[in-house]
Novice: 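Supplied in structure tokens, the structure appears directly below.
Everything quoted here is computed from the prediction, not taken from an experiment. Within every chain, numbering begins at 1; the chains are lettered A, B, ... in the order of the sequence lines, protein sequences first and strands thereafter. Note: hydrogens, waters and symmetry copies are ignored here, and every other heavy atom, side chains too, is used.
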Amino acid sequence: MKSIHEKIHKWYKTHGRTDLPWRTVTDPYPIYLSEVMLQQTQVKTVLERYYFPFLEAFPTLKSLGEAPLDAVLKHWEGLGYYNRAKNLHKAAQVLLQKGQAQGIAPTLPSDIDTLFKLPGIGKNTAHAIAAFAFRQPVPVMEANVKRILCRLHRLRTPDEKRLWKLAYGMVDKENPFDYNQAMMDIGATLCIPKDPKCDLCPLESICKGKNTPRTYPLKKKRSVPTREEHIMISVYNDRLALTKRSGKFLHGLWGFASAEVPLCASEPIGEVSHAYTHFKLKCKVWVHHELEPEQESYFTPEEIKDLAVSKVDEKIVKLYLDTIQQ
DNA sequence: CAGTCGTGGGT
DNA sequence: TACCCAAGACT
């Protein structure tokens, strides 16, 4: 009987996504970049819209560390979870400084514990970089592998410690690169949440959950409340007032601040809705024309295109432009 | 440790 | 439509 590692390997060579650009390079930096971009983000989005433009703008760890955060955020615009960009930039700065102290170009550490200490690199990303960039015999344990392990062992409520233990016990130490990539591909294309294709799965022979795969793992239900806000667009001389957001939410991006409803206001120009992970947002949008500049910075619509702006604020700008067109 | 942090794909 | 969920990290 063929070993499970052989089956996985054979499946990967035939059906794996072996041509993904971050799988055909050896430079740790683009591999690291891909791991961060892919956090909670589908391969398709990263591949078609973000990976190549970002690398073109910041081709090396050094160029990333030397770039202004605004430029990095602009290339992250629309990808979401902007703390990733902030932490990626911060990590590059830390490594750049470390390199300068030794008089060398910045490089990623290969040690998992050292990687783990860098901002934005958690346990899984540290393992992924170790396995993919440095070919270390360690498992990755992200959403795809997690779902596979839950089904293999019929676990309804995934316990992180147990899952890591199972992952370590299963990793192919002879070929950790192909093994880990294969596990993620199996999870992404076969062992999917709904209607998994068990008959095509190289793990079928060892899967305890194959009869009722959809019951592993148990899905959590979350309430999604709706928040209602009022947005006042301050306009002066055909320019819009935007401020740079601070705090954790959409940090570093430019946008419109939530405002109190002015008592003397006319009718709102419209409404904008946006769905976040934990709440839905409904914004009534108002316009206030100022006789003199009262905000810090105003931008023409053309200038706004050069700012990093979130999706809601993009919608608000569009609503404003559509309104003045008529 | 449960809540927070974006957006778009797929159904 | 409305919902689930995606190469998670941080607090």
Novice: Please state how far atom OH in Tyr82(A) lies from atom P in dC5(B), giving the value in whole angstrom units.
Specialist: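 Distance check: Tyr82(A) OH to dC5(B) P gives 14 Å.
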
Novice: Quick check for you: among dC5(B), dG8(C), dT7(B), whose closest atom lies nearest to any side-chain atom of Tyr276(A)?
Specialist: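 Of the candidates, dT7(B) comes closest.
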
Novice: Please report the distance, rounded to the nearest Å, between CH2 in Trp76(A) and C1' in dG6(B).
Specialist: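 Nearest whole value for this atom pair: 12 Å.
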
Novice: When the P atoms of dG6(B) and dT11(C) are compared, how many Å lie between them, rounded to an integer?
Specialist: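 Pairwise P distance, dT11(C) against dG6(B), rounds to 14 Å.
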
Novice: Give a yes-or-no answer on whether the side chains of His288(A) and Tyr236(A) include a donor-acceptor pair shorter than 3.5 Å.
Specialist: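 Not at all, the side chains of His288(A) and Tyr236(A) share no donor-acceptor pair under 3.5 Å.
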
Novice: Answer yes or no on whether Arg239(A) is positioned over the face of Phe299(A), meaning its NZ or CZ is under 6.0 Å from the six-membered ring centre and within 45° of the axis.
Specialist: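 Pair Arg239(A)/Phe299(A) does not count as cation-pi.
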
Novice: When you measure from the side chain of Pro193(A), which nucleotide among dA7(C), dA6(C), dG6(B) comes out closest?
Specialist: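 Within the option list, the nearest is dA6(C).
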
Novice: Select from Gly120(A) and Val224(A) the residue whose nearest nucleotide in DNA chain C is closer to the 5' end of that strand.
Specialist: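 That would be Val224(A).
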
Novice: With a cut-off of less than 4.0 Å, is there a side-chain N or O of Asn124(A) near OP1 or OP2 of dA7(C)?
Specialist: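 Looking at the OP1 and OP2 atoms of dA7(C), neither is under 4.0 Å from any side-chain N or O of Asn124(A).
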
Novice: If you assign Lys248(A) and Glu142(A) each to the DNA chain C nucleotide with the nearest heavy atom, which residue ends up on the more 5' nucleotide?
Specialist: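 Its nearest nucleotide lies further toward 5', so the answer is Glu142(A).
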
Novice: Contact class for Leu79(A) vs. all strands (heavy atom < 4.0 Å): base, sugar-phosphate, or nothing?
Specialist: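 The residue Leu79(A) makes base contact.
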
Novice: What is the separation between atom CZ on Phe249(A) and atom P on dG3(B), rounded to the nearest whole Å?
Specialist: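 My rounded result for the distance is 18 Å.
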
Novice: Distance only, no hydrogens: is a donor on one side chain within 3.5 Å (strictly under) of an acceptor on the other, for Asn175(A) and Asp178(A)?
Specialist: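 Looking only at side-chain atoms, Asp178(A) and Asn175(A) do form a donor-acceptor pair, the distance falling under 3.5 Å.
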
Novice: Quote, to the nearest angstrom, the C1' distance that separates dC5(B) from dA6(C).
Specialist: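 Per the computed distance, 14 Å lies between those C1' atoms.
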
Novice: Can you see if the side chain of Lys280(A) gets near the phosphate of dC3(C) - specifically, an N or O under 4.0 Å from OP1 or OP2?
Specialist: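 Yes, such a contact exists.
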
Novice: How many whole angstroms separate atom NZ of Lys220(A) from atom C1' of dC4(C)?
Specialist: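 So the NZ-C1' distance, Lys220(A) to dC4(C), works out to 14 Å.
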
Novice: Between the base of dG8(C) and the side chain of Thr125(A), is one N or O donor paired with an acceptor at under 3.5 angstrom?
Specialist: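 Answer no: no donor N or O sits under 3.5 Å from an acceptor.
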
Novice: Please confirm whether Arg227(A) makes a cation-pi placement over Phe279(A), using NZ or CZ under 6.0 Å from the six-membered ring centre and within 45° of the ring normal.
Specialist: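 Yes, cation above the ring, under 6.0 Å and within 45°.
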
Novice: Kindly give the heavy-atom pair with the smallest separation between Phe256(A) and Asp313(A), and that separation in Å.
Specialist: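 Taking Phe256(A) first and Asp313(A) second, the nearest heavy atoms are N-OD1, 3.1 Å.
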
Novice: What's Arg23(A) touching, base or sugar-phosphate or nothing? Going by heavy atoms closer than 4.0 Å.
Specialist: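 Result for Arg23(A) = base.
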
Novice: Rounded to the nearest Å, what distance is computed from the NE2 atom of residue His278(A) to the C1' atom of nucleotide dG6(B)?
Specialist: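 Rounding to the nearest Å, NE2 of His278(A) and C1' of dG6(B) are 10 Å apart.
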
Novice: Would you indicate which nucleotide in dG8(C), dC5(B), dC10(C) comes nearest to any side-chain atom of Ala143(A)?
Specialist: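 Shortest atom-to-atom distance from the side chain points to dG8(C).
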
Novice: Given dT4(B), dA9(C), dG6(B), identify the nucleotide with an atom nearest to the side chain of Leu250(A).
Specialist: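 The closest nucleotide is dG6(B).
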
Novice: Is the shortest side-chain N/O distance from Arg84(A) to OP1 or OP2 of dC10(C) below 4.0 Å?
Specialist: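 No, because none of the side-chain N or O atoms of Arg84(A) sits under 4.0 Å from OP1 or OP2 of dC10(C).
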
Novice: Using a heavy-atom cut-off of 4.0 Å across all strands, would you classify His274(A) as base, sugar-phosphate, or nothing?
Specialist: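 The residue His274(A) makes sugar-phosphate contact but no base contact.
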
Novice: May I ask you to check whether Tyr298(A) and Glu303(A) show a side-chain donor-acceptor distance below 3.5 Å?
Specialist: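 No, no side-chain donor-acceptor pair sits under 3.5 Å.
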
Novice: Arg222(A) has an atom CZ; how far is it from atom P of dC1(B), in whole Å?
Specialist: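 My rounded result for the distance is 16 Å.
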
Novice: Compare side-chain N and O positions of Lys123(A) against OP1 and OP2 of dA9(C) and report whether any pair is under 4.0 Å apart.
Specialist: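 No, outside the criterion.
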
Novice: Can you confirm whether the side chains of Lys280(A) and His274(A) place a donor and an acceptor under 3.5 Å from each other?
Specialist: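 No.
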
Novice: Using the P atom as the reference point in each nucleotide, state the distance between dG10(B) and dA7(C) in Å, no decimals.
Specialist: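 My reading of the P atoms in dG10(B) and dA7(C) gives 12 Å.
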
Novice: Specify the residues of residues 27-53 of chain A, ordered by number, for which at least one heavy atom lies under 4.0 angstrom from an atom of DNA chain B.
Specialist: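 Gln40(A), Thr41(A), Gln42(A), Lys44(A), Arg49(A), in order of number.
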
Novice: What is the separation between atom CD1 on Ile148(A) and atom P on dC5(C), rounded to the nearest whole Å?
Specialist: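 To the nearest whole Å, that distance equals 16 Å.
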
Novice: Between the side chains of Ser234(A) and Glu290(A), is a donor N or O closer than 3.5 angstrom to an acceptor N or O?
Specialist: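 Short answer, yes.
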
Novice: Measuring from the side chain of Asn87(A) (C-beta onward, heavy atoms only), which nucleotide among dA7(C), dC10(C), dG6(B) has the closest atom?
Specialist: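 So the nucleotide nearest the side chain must be dC10(C).
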
Novice: Roughly, in whole Å, what's the span from CG in Asp195(A) to P in dG10(B)?
Specialist: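 Interatomic distance, CG of Asp195(A) to P of dG10(B): 16 Å.
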
Novice: Using a strict 4.0 Å threshold on nitrogen-to-oxygen distance, state whether Glu160(A) and Lys146(A) make a salt bridge.
Specialist: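 Result for this pair is yes, salt bridge flagged.
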
